[in-house]
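This chain uses plain numbering: 1 for the first residue, then up along the sequence. Only a predicted model underlies this, so the values are computations on that prediction, with no experimental measurement involved.
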Amino acid sequence: MMPAPANVEETRREAGLRSTQPARERFAHAWRLTTRYYVSEDWKAAWLLLILYAALSFGTVYTFILLNQWQRAFFDSIEQRQSSLFVTLIFTFLMISGFQVAVIVVNNLVSWTLSMRWRNWLTDWYMDRWFAHDRFYEIERLRMIDNPDQRIAEDIKNFTLVTQGNSLVGIAIGIISSLISAVSFGYILLQASSALVIPIAGYQVSLPGGDLIWVSIGYVLFGSVVITWIGRPYIRRRMREQHYEADFRSNLIHVRRNGEQIAFSRTQDMERRGLRVSFANIRRNWYRLMWANIGLSAGSSIYERVMTVIPLFLTVPRFFAGLISFGQVMAARDAFTQFSSSLSYFVQVYPGLAVQIANINRLKALDDSIDNERPRGIAFLPGEADEGIAIHVKDLELRRPNGEPLLALAEWKVRDGERWVIEGPSGAGKTTLLRAIAGLWPDGAGSVAMTGNGIAMLVPQRLYLPLGSLKNAICFPDHAEDHDDETIAALLEQVRLGTHADDMHQVRMWQDELSPGEQQRVALARILLQRPTLLVLDEATSALDADNAAHFYEAVRAAMPDATIVSVVHNEKLAAYHTHRVQLHDGHATTSMIEAAV
């Protein structure tokens with residue numbers, strides 16, 4: 001049975017075309033993502049840094065309490081004109097401030113260290129899964145999600161930023177700190193509060209606590225509801241911002257990588273229009289985000305400023321009546337602000353929480369795409385071919401990802417030392433057949449068994465040149481230091497790239513500097529260096545002229561006369577360098593021998 005097409009629902013959810021998954025699933029994923037590091041092999045350092053960070057966060061609350069107590073004593077001494085206490089209180093203030101600065105400095109050191117260690121571990125974990133079983137290739141082939149690279153680089157970075165209001169760990173510790181702060185400053189408020197009596201049905205009901213505490217609780221509840229309602233569009237807009245910014249950067253990189261072709265074809269205007277369309281998405285979302293942010297910022301600012309005035313309306317009349325001191329008024333004002341801020345922690349961290357929700361949603365989409373391994377329709381059996389058989393294809397049916405039939409091949413045996421050419425019109429499935437041989441195409445049915453003896457190498461039409469020196473590109477996948485310069489210089493001469501021998505150690509963008517034909521000659525040098533026993537070529541000479549294409553196959557045959565070769569070519573003259581032929585036509589394949597093989 002054909003496997004179902006890949007699930008791309010997460011991409012539609014990100015685009016707002018589908019409803020989000022249940023909150024329970026999102027929360028469960030966020031919990032797993034947060035706790036995974038703390039049970040990893042780095043758990044000792046993780047918990048040590050986390051405990052230190054929590055202790056320092058609680059120490060910050062303690063400094064606020066000390067400052068509140070100092071503030072009351074300071075203003076009382078001013079009111080009572082106690083000049084003898086002035087110098088002592090100033091010295092006390094300096095001591096408290098020094099302690100506060102020390103706590104902040106050490107807190108930053110611990111949080112930054114924890115953030116980097118967490119990000120390092122989580123990045124490695126994601127990259128291991130991304131590369132495992134060629135998931136990075138499958139995600140791109142099926143376009144499951146956009147910009148997985150940006151999610152690994154940016155979203156993980158933001159997710160692991162351990163500061164209060166900017167990560168789930170920071171928010172959790174902030175909640176605990178806020179509760180401790182609320183209890184501490186609530187006790188201070190009781191000293192300046194009056195009993196709150198509410199008339200109900202002719203009875204005077206006295207509420208426990210004081211008026212300052214109950215007014216603060218009511219104000220926080222009202223403000224939290226309003227801020228949450230105002231900030232609802234903010235999360236979606238931030239999520240779309242990350243999506244559009246990543247697309248724009250990807251398009252810019254595309255232009256940079258294909259600059260020469262764009263310049264030759266004079267398509268600058270077309271590329272510019274495409275970039276403008278991509279940036280237009282950023283601009284439209286930016287204005288929507290701007291209005292959402294303005295509403296959220298305005299609501300938060302009004303909320304915070306009104307918070308500092310309310311306690312004055314409640315305490316100043318008592319000061320005028322001589323019931324409390326001026327120091328108590330200032331201490332109550334500060335305590336009310338701290339108490340309300342502690343209770344309204346959610347309001348304060350809402351913007352940061354919105355960013356984290358967007359990060360978690362994008363990382364969940366990445367997790368879903370990595371974990372969504374489609375059942376293989378084509379069984380790939382490396383090392384299970386019979387003795388003397390390099391490749392054994394049986395009952396093969398190649399299909400496109402949408403299930404559309406592409407090619408059928410009943411049986412195909414490639415024996416050791418045979419050289420096969422695959423021919424057929426464009427779109428017949430030649431490259432897809434090679435992908436199936438390499439185990440990179442699961443869509444279809446049948447089996448592909450490969451030999452477990454020797455070394456196999458697949459050379460695509462567009463060669464991959466890693467960043468670094470030309471020698472590094474030729475030696476790939478070996479390290480450059482594994483081969484001496486004389487060997488590489490001789491290979492460059494052999495493949496007719498001797499003019500680059502003096503530059504083999506130059507670090508350049510060789511992918512852009514070398515022409516397609518030169519890159520295919522680099523591929524030949526790589527083949528001659530590695531000497532594979534099974535060589536699969538996908539139009540590896542398409543950019544070469546007739547003489548250099550013939551030289552390519554002659555050099556391979558001379559250096560590796562016993563190698564098994566499977567190649568896709570369009571030039572009939574090159575078929576003479578092979579012993580057998582696979583002809584693709586009308587969705588079927590036929591095999592035959594080549595009588596006039598060289």
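In plain terms, the two heavy atoms of Ala428 and Leu584 that are nearest each other are CB-CB, 4.1 Å. When all heavy atoms of Arg581 and Glu572 are compared, the closest pair comes out as NH2-OE2, 3.0 Å.
For Asp586, the CG atom is loosely surrounded, since the number of other residues' heavy atoms within 6.0 Å does not exceed 12. His588 NE2: 12 or fewer foreign heavy atoms inside a 6.0 Å radius. Within 6.0 Å of atom CD in Glu481, more than 12 heavy atoms from other residues, nucleotides or ligands are found, so the atom counts as buried in its surroundings. Annotation for Trp286: atom CH2 does not count as buried by contact number, only 12 or fewer foreign heavy atoms lying within 6.0 Å. In the displayed structure, His133 atom NE2 is contacted under 6.0 Å by at most 12 heavy atoms of other residues, nucleotides or ligands. Atom OH of Tyr287 has 12 or fewer heavy atoms from other residues, nucleotides or ligands within 6.0 Å.
The shortest distance between side-chain heavy atoms of Asn453 and Thr533 does not fall below 4.5 Å. Residues Arg284 and Tyr244 form no side-chain contact, since every pair of their non-hydrogen atoms from C-beta on lies 4.5 Å or further apart. Between Thr541 and Tyr553, some side-chain heavy-atom pair lies under the 4.5 Å cut-off. Gln506 is not listed as a side-chain neighbour of His500, based on a closest heavy-atom distance of 4.5 Å or more. You'll find the side chain of Ile565 stays beyond 4.5 Å of the side chain of Thr579, heavy atoms only. Met560 places a side-chain heavy atom less than 4.5 Å from the side chain of Pro532. Residues His580 and Val414 fail the side-chain proximity criterion, which asks for heavy atoms closer than 4.5 Å. Here the side chains of Asp443 and Arg141 are in contact, with some heavy-atom distance below 4.5 Å.
Between Arg508 and Asp503, at least one side-chain N (NZ, or NE/NH1/NH2) sits under 4.0 Å from a carboxylate O, which counts as a salt bridge. Of the charged side-chain nitrogens involved, at least one lies within less than 4.0 Å of a carboxylate oxygen, so that Lys364 and Asp368 count as a salt-bridged pair. The pair Arg129-Asp367 meets the salt-bridge criterion, with a side-chain N (NZ, NE, NH1 or NH2) lying under 4.0 Å from an Asp/Glu carboxylate O.
In this structure, Arg276 is not positioned above the aromatic face of Phe279 in the sense of NZ or CZ being under 6.0 Å from the six-membered ring centre and within 45° of the axis. Cation-pi geometry between Arg36 and Trp121 is not met: the NZ or CZ atom fails to fall both under 6.0 Å from the ring centre and inside 45° of the normal.
A donor-acceptor pair under 3.5 Å links the side-chain atoms of Arg135 to the main chain of Ile370, judged by distance alone. With Gln511 contributing its side chain and Leu463 its backbone, the two residues share a donor-acceptor pair below 3.5 Å. In this structure, Asp482 contributes its side chain and His479 its backbone to a donor-acceptor pair below 3.5 Å. Put simply, the side chain of Lys471 gets close to the backbone of His483: a donor and an acceptor are under 3.5 Å apart.
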### Residues His392, Glu411; criterion side-chain hydrogen bond (donor to acceptor under 3.5 Å, both in side chains); working and verdict
CA-CA 7 Å; His392 186 188; Glu411 188 170 25; 2.9 Å; yes
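Note on ring orientation: taking the six-membered ring where Trp is involved, the planes of Trp412 and Trp420 are perpendicular (angle over 60°, cut-offs 30° and 60°). Ring-plane geometry between Phe136 and Trp130 is classed as perpendicular, the angle between the planes exceeding 60 degrees on a 0 to 90 degree scale with a lower cut at 30.
Note: Glu140 CD to Ile145 CD1 = 8.0 Å, rounded to the nearest 0.5 Å.
Side-chain contact, Ser542 with Gln520: a donor N or O sits under 3.5 Å from an acceptor N or O.
You'll find the ring centres of Trp441 and Phe380 outside the 6.0 Å limit.
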